[in-house]
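Values in this document were obtained by computation on a predicted structure and should not be read as measured data. Residue numbers begin at 1 in each chain, while the letters A, B, ... track the order of the sequences.
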Amino acid sequence: MSAWHAVADYVVTYGANFQKGALYFFTFKNILAIFGGVTIGTFCGAVPGMTITMAVALTLPFTFTMEPLTALSLLSAVYVGAIYGGSISAILLNTPGTPAAACTCMDGFALAQKGQAGKALWMANYASCVGDLTSTIIVIAICPLLGGIALYFKSPDFFALILFSITIIGSLCGNSMIKGLIAGVLGFLAATVGMDPFAGSERFTFGSLELTKGLSFVPLLIGLFAIPEVILQLNRSRKMGGRALICKVNNVSPEDSKLSWAEFKGSFRHMLRGGIVGLILGIIPGLGATPSAFLSYERAKRASKHPELFGKGSLEGVAAAESGNNAVNGATLVPLLTLGIPGDIITAVMLGAFVIFDLKPGPLLFLQHSDLIFGLFCALIMCDIALRLVGGLFIRYAAKLTTRMPTSLIFPTILVLCMFGSYAINTNLFDVGIMLVFGLVGYFMALLEIPAIPFLIAFVLAPMLENGLRRSLAVSNGDPMILLQSPIAWVFYAMTILAVVSIIRMNLKRKACKSEEAPRGKADDDPIRHSV
Amino acid sequence: MPDGKGLNRDVILGLGLLAFSLLILLWLIPSGVEVQQAGGMAVTPTFFPYGVTAVLAVLSLALVVKGFAAPSSAESAGEKKFSLAVVIIILLLLASFYGLEYLGMVPTGILAVILLVRLFNYRNWPRTIIFAVVFVLLLFFFFEQVAQVDIPRGVWFDDLY
């Protein structure tokens, strides 16, 4: 059989299956589940401390009496909504509602401070839809093929992939490369606290039972990002007699509240790229939305005509981060559906839902329940439509309500939200302590101009890097040459070298630009500092 | 022309981090990491912490060298200055952690909101109290009733509600 015949056969089979799935999906209750799920997810994502995992896990018990497709549609919708919802508080409060939205803070909040919160929120909404839709369409088209690629990944390949992901730190170091790298190294060190997953021995726990599980990610994240902002806003607010606002909302021109076609068009390529990045990272088990957002952001920064605006209020930055993190939604389902392996914690919860309905995810699922699988694909597309509509309503409501609140009321409430949120994750007061400690760490890092983002990225990637390295060395009885034997790993090493060279070049270029600008009297190019 | 403060800050930070990395290398790793050398295990649990800390030491030295060679500007925005209000908020954060254990999350949350609102220069007492009580109770009911999270009552008020 020729290649053309094989392709034609593939297309015809897919077309027939898709039609079956669409007929199965398009019922009133399934569509209601999608819109309800996106609303719940967006709300939970927007509340700092309410994690995506918590939102999906809390929804799971309500699905027991539903049909499998309705239940899976609802869970997917909550997931999609929650990832998007994280961007709302990231933009308006500089507090990522979800870890995946941490990257959106950098430009989203800077735009909000310049009175362009509306623009940033709309861009996040459009980018989320475009990124997710791009990834979902590709997932639907080539789902079995993509699953096959991830299947070939071994420990050395995984190590090389994480090594490549770490180069993100280099491009997000801010003004000082050394301080950014120090932040990254401190993040690596923080990640070593707890039970060593490989040998089962304790590291830096010093007899504390709570520390054996390691430093909880969400309290650490909330602490690093929310508490320093509360303290910094305190100084700002006291200087302005408690009347200071988080975002500039007075005298905001209508153009600043809406996204123009030209701005959307200018960022469209970053949205598509984010969709592809999210697809690739989402399909590899364990990576998830946070690295995807940062990698998409970093790629967009390199490709942009205005990289100097990134981190200071760039719409392209918001588009890249949001499309990157939302594009993971559909992609994480690929290893789950094709291999039965949960790609992240959310798909692990969804695996639980499959088990409840006596369904076993894996290659056989495509043969035995193709209507369910393709119905789920239709649900993912419908999620993007719902996200666009529900997100639009949410922006109008959230922007009006939140940006008009003075700091004297909003920041005390953030602190209490952080306390409730940090506690609710594991119902453990120790997590509140972690949140407060890392809040103070974050504040002193801000004082010393050490960026928090590299710390966070390193904290997420460190366990994956260590596991990849140690598993590889265990397989080879300590021979490091195993890391160089795989062609897949070589591809990632080559990409790492290219990324490092590119980062060094970018830094040299930036320094050259700065030294050229200095004699002209451009003392401070930070718009955030003067915006409030 | 860079000023002396910038030089001092980078050098002091670099030296501080260098001391921290030496502390980890010489004391925290040997005393804080269990090494169970199982058969066939190529890399011990100390491998990664030692490697990462060594990199930290090198970067700290680089920061010290940079501090001498090309000190960064010491300008700092107003909100990044260490003030009495910042000291109070830090003490409030630490006190709230102990408050959670003894008073529980609701009274601690209400007190924290009231104190912070006052610290943020909002002067209306009745509104502040009403706002704090309503907001924290709403959160309490959401987490207790909707999210099914058992919010801590505190040692002193455990039987009260």
Looking at B:Arg9 and A:Leu448, would you say the former's side chain and the latter's main chain have a donor-acceptor pair under 3.5 Å?
no
Atom group of A:Phe420 that falls short of 4.5 Å from chain B, counting heavy atoms
both
Can you confirm whether B:Tyr102 is buried at OH, in the sense that more than 12 heavy atoms of other residues, nucleotides or ligands lie under 6.0 Å from that atom?
no
So what's closer than 4.5 Å to chain B heavy atoms on A:Val230: side chain, backbone, both or neither?
both
Closest approach of B:Gly109 to A:Val416 (non-hydrogen atoms, all atoms of both residues):
O-CG2, 3.7 Å
One should read off an interatomic distance between A:Lys179 NZ and B:Leu63 CG, to the nearest 0.5 angstrom, of 6.0 Å
Segment of B:Leu94 engaging chain A (4.5 angstrom heavy-atom cut-off)
side chain
Shortest non-hydrogen pair, A:Tyr423 vs B:Ile151, comes out as CE2-CA, 4.0 Å
For B:Ile110, which atoms come within 4.5 Å of any heavy atom of chain A: side chain, backbone, both, or neither?
neither
Geometric class of the B:Phe48/A:Phe188 ring pair [parallel <30°, tilted 30-60°, perpendicular >60°]
perpendicular
With a 4.5 angstrom heavy-atom cut-off, is it the side chain or the backbone of A:Ile182 that approaches chain B, or both, or neither?
both
Contacting region of B:Leu93 [heavy-atom separation from chain A under 4.5 Å]
both
For a side chain to side chain contact (heavy atoms under 4.5 Å, CB included) check, start with the C-alpha distance between A:Thr427 and B:Asp150, then their side-chain angles and the critical distance, and finish with the verdict.
CA-CA 7 Å; A:Thr427 58; B:Asp150 195 16; 5.5 Å; no
Proximal component of B:Phe97, with respect to chain A [non-hydrogen, under 4.5 Å]
both
Between B:Pro49 and A:Leu189, which heavy-atom pair has the shortest distance, and what is it?
O-CD2, 4.4 Å
State, to 0.1 Å, how close A:Phe204 and B:Leu28 come at their nearest heavy-atom pair, and which atoms those are.
CE2-O, 3.6 Å
Surrounding OH of B:Tyr98 (heavy atoms of other residues, nucleotides or ligands, distance under 6.0 Å), is the total greater than 12?
no
Quick one: closest heavy-atom pair of B:Leu59 and A:Ile178, and the distance?
O-CG2, 3.6 Å
Report which part of B:Leu13 has an atom under 4.5 Å of a heavy atom belonging to chain A: side chain, backbone, both, or neither.
side chain
Side chain / backbone / both / neither for B:Ile29 at chain A, heavy atoms under 4.5 Å
both
Quick one: are B:Arg118 and A:Pro412 in side-chain contact, heavy atoms under 4.5 Å?
no
Measuring from A:Met419:CE to B:Met105:CE, what's the distance to the nearest 0.5 Å?
5.5 Å
Please round to the nearest 0.5 Å and tell me the distance separating atom OG1 of A:Thr413 and atom CG of B:Leu138.
12.0 Å
Toward chain B, the part of A:Leu415 with a non-hydrogen atom under 4.5 Å:
side chain
